[in-house]
Engineer: 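A single structure is presented below for examination.
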There are 2 protein chains.
Amino acid sequence: METRRIDPVNCSVARALSVVGERWSLLIVREALDGARRFGEFHSRLGIARNLLATRLETLVTAGVMRRVPYQEPGDRQRFAYELTEQGRALRPTLVALLEWGDTYLADPQGPSVIVRHRPVDDASSCDEPVKVVLECAAGHSHLAPDDVCRTPGPGARFVESS
Amino acid sequence: METRRIDPVNCSVARALSVVGERWSLLIVREALDGARRFGEFHSRLGIARNLLATRLETLVTAGVMRRVPYQEPGDRQRFAYELTEQGRALRPTLVALLEWGDTYLADPQGPSVIVRHRPVDDASSCDEPVKVVLECAAGHSHLAPDDVCRTPGPGARFVESS
DNA sequence: CGGCCTGAGTTGAAGAAATAAACTCACCAA
DNA sequence: TTGGTGAGTTTATTTCTTCAACTCAGGCCG
């Protein structure tokens, strides 16, 4: 029996992973979300080899996840910093989801080492409560379980035959 | 000025990525969430090399993301299928987050190829509305923006010195 | 029985990517 | 002039991916 299914390669998950799925990429984004900006900061925080860091940053800049901005400290020459674009900051939910998964299934016996809190940049309100990622449908049903959900073809779907 | 910061290596994101951060791993989980169970299904859907698929499946089984279950079709010998454990199904939010990010920033001109819908396994209610991933804090503030959120040390935090 | 087919892997060789360590380059400071 | 620093490059070694060919167990056909 031949059945048509959504082409697994024509899928935003695959495309997303081709940008941020390489080793180190998401960790670089994580550090950037946590305030790292300079080559040396990424290098010393992550322990990544310098050449790899250079090529990863270049890849991320090319992909539009980060931006290379010149800066100059007084009495020093011009250097470059790397900061997230809006596109890069939009990876936050992905990282929170990974963090939660890791906390749940690969936890340190002591408990999580990082807690994500509701604390806006302008600290005014500072709710500070822990943040979780939840699945929510357009009809307002929230906190959906992983199995309450399925994949369906969208407008850009390509199909492949399979047996 | 010396400052203490959360050790970036002692972090659930890094641990999670050490399990599902290798090339193909998340795509294998995605196909499994979409119903793939057999070696040949993963192979033909993803186009991954057979040996790599074998080692990735083994890694995922060892990590507790998948389970190797024997099955036997009538008039055939015993074979093995691979199915997600609860731990594996818990990667759904991560994949939905990646999908959303890819849809937003790397979209096909035609629109998304996949839409995740609220449709439980027992199709009874079948709300069917599209599903999104949202950040929500314990105080009930929902739909937090990426910048409304920050990382703080948890009980298992280790610290490193940095300049 | 013997040959052929299929699904599920293994094995091996060749190419690509990651790592670690040494090297460069521009500038500043003593 | 010598030394130091941040930001990279280069180079050599190891590890990972890929691709193609091979194995292995059983079923099917004549």
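Letters A, B, ... are given to chains in the order of the sequence lines, protein chains preceding strands, and every chain is numbered from 1.
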Engineer: Apart from A/Val134 itself, which Ile, Leu, Val, Met, Phe, Trp or Tyr residues share its cluster (side-chain heavy atoms under 4.5 Å, direct or through members)?
Structural biologist: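 Direct or chained contacts put A/Val134 with B/Val134.
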Engineer: Going by side-chain contact (heavy atoms from CB on, under 4.5 Å), name the residues that satisfy it together with B/His43, two or more places apart in sequence or in a different chain.
Structural biologist: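 Scan of B/His43 (side-chain contact (heavy atoms from CB on, under 4.5 Å), adjacent residues dropped) gives B/Arg50, B/Leu53.
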Engineer: Got a sec, which residues hit salt bridge (Lys or Arg N to Asp or Glu O under 4.0 Å) with B/Arg15, two or more places apart in sequence or on another chain?
Structural biologist: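 If we apply the salt bridge (Lys or Arg N to Asp or Glu O under 4.0 Å) test to B/Arg15, skipping adjacent residues, there are no hits.
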Engineer: Can you sort out the partners of A/Phe159 under side-chain contact (heavy atoms from CB on, under 4.5 Å), two or more places apart, ordered by chain and number?
Structural biologist: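 In terms of side-chain contact (heavy atoms from CB on, under 4.5 Å), with neighbours along the sequence ignored, A/Phe159 is linked to A/Arg4, A/Ile6, A/Pro153, A/Ala157.
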Engineer: Figure out the NE2/P separation between A/His43 and D/dT9, and round it to whole Å.
Structural biologist: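 The distance from NE2 of A/His43 to P of D/dT9 comes to 14 Å, rounded to the nearest Å.
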Engineer: Measure CD1/A/Ile48 against P/D/dA7 and give the value in whole Å, please.
Structural biologist: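 For the pair A/Ile48 CD1 and D/dA7 P, the rounded distance is 15 Å.
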Engineer: Rounded to whole Å, please give me the gap between CG in B/Leu53 and P in D/dA20.
Structural biologist: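 Roughly 17 Å, once rounded to whole Å.
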Engineer: Determine: side-chain N/O of A/Trp24 to OP1/OP2 of C/dT19, distance under 4.0 Å, yes or no.
Structural biologist: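 Checking A/Trp24 against C/dT19: at least one side-chain N or O falls below 4.0 Å of OP1 or OP2.
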Engineer: Quick check on DNA chain D: between A/Glu58 and A/Arg23, whose nearest nucleotide comes earlier from the 5' end?
Structural biologist: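 Going by which nucleotide is closer to the 5' end, it is A/Glu58.
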Engineer: Does B/Tyr82 reach a base, just sugar-phosphate, or nothing at all? Heavy atoms under 4.0 Å.
Structural biologist: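 The answer is sugar-phosphate, as B/Tyr82 gets under 4.0 Å only of primed atoms, P, OP1 or OP2.
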Engineer: Per the ring-ring contact (aromatic ring centres under 6.0 Å, His included) rule, what does the pair list look like for residues 113-149 of chain A, sequence neighbours excluded?
Structural biologist: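 Those involving residues 113-149 of chain A are A/His118-B/His141, A/His141-B/His118.
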Engineer: When you look at CD of B/Gln110, are more than 12 heavy atoms from neighbouring residues, nucleotides or ligands closer to it than 6.0 Å?
Structural biologist: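 Atom CD in B/Gln110 is packed in, count exceeds 12.
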Engineer: More 5' along DNA chain C: A/Arg79 or B/Phe80, using each one's nearest nucleotide?
Structural biologist: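 Final value for this comparison: B/Phe80.
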Engineer: If a pair satisfies side-chain hydrogen bond (donor to acceptor under 3.5 Å, both in side chains) and one of its residues is in residues 21-31 of chain B, list it, with sequence neighbours excluded.
Structural biologist: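 Every pair satisfying side-chain hydrogen bond (donor to acceptor under 3.5 Å, both in side chains) with a residue in residues 21-31 of chain B: B/Glu31-B/Arg45.
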Engineer: Between C1' on C/dA18 and CD on B/Glu22, what's the gap in Å once rounded to a whole number?
Structural biologist: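 Whole-Å distance recorded here is 13 Å.
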Engineer: Whole Å only: how far is the CG atom of B/Leu52 from the C1' atom of C/dA16?
Structural biologist: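 Rounded to the whole Å, the gap is 13 Å.
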Engineer: Go nucleotide by nucleotide along DNA chain C from the 5' end; which of A/Ala49 and A/Gln72 gets its closest nucleotide reached first?
Structural biologist: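 Going by which nucleotide is closer to the 5' end, it is A/Ala49.
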Engineer: Give every pair of a protein N or O atom and an N or O atom of nucleotides 11-13 of chain C that lie under 3.5 Å apart, one pair per line with the distance.
Structural biologist:
from: C/dG12; atom 1: O6; to: B/Asn51; atom 2: ND2; distance (Å): 2.8

Engineer: Would you tell me if any nitrogen or oxygen in the side chain of A/Arg56 comes within less than 4.0 Å of OP1 or OP2 on D/dG8?
Structural biologist: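 No, A/Arg56 has no side-chain N/O under 4.0 Å of OP1/OP2 on D/dG8.
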Engineer: In whole Å, what is the span from the CD atom of B/Gln78 to the C1' atom of C/dT6?
Structural biologist: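 So the CD-C1' distance, B/Gln78 to C/dT6, works out to 17 Å.
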Engineer: Quick check on D/dA7: is either OP1 or OP2 less than 4.0 Å from any side-chain nitrogen or oxygen of A/Tyr71?
Structural biologist: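 So the side-chain polar atoms of A/Tyr71 do come within 4.0 Å of the phosphate oxygens OP1 or OP2 of D/dA7, strictly under.
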Engineer: Should A/Glu83 and A/Arg67 count as an ion pair when the cut-off is N to O under 4.0 Å?
Structural biologist: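 Looking at A/Arg67 together with A/Glu83, the answer is yes, because their closest N to O distance falls below 4.0 Å.
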Engineer: If you take any heavy atom closer than 4.0 Å to DNA chain D, which residues from residues 26-40 of chain A end up in contact?
Structural biologist: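 Under 4.0 Å from DNA chain D: A/Arg38, A/Phe39, A/Gly40.
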Engineer: So, using side-chain contact (heavy atoms from CB on, under 4.5 Å) as the criterion, who are the partners of B/Asp128 when residues are at least two apart?
Structural biologist: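 Counting only residues at least two positions away or on another chain, B/Asp128 forms a side-chain contact (heavy atoms from CB on, under 4.5 Å) with B/Arg117, B/Arg119, B/Ser126.
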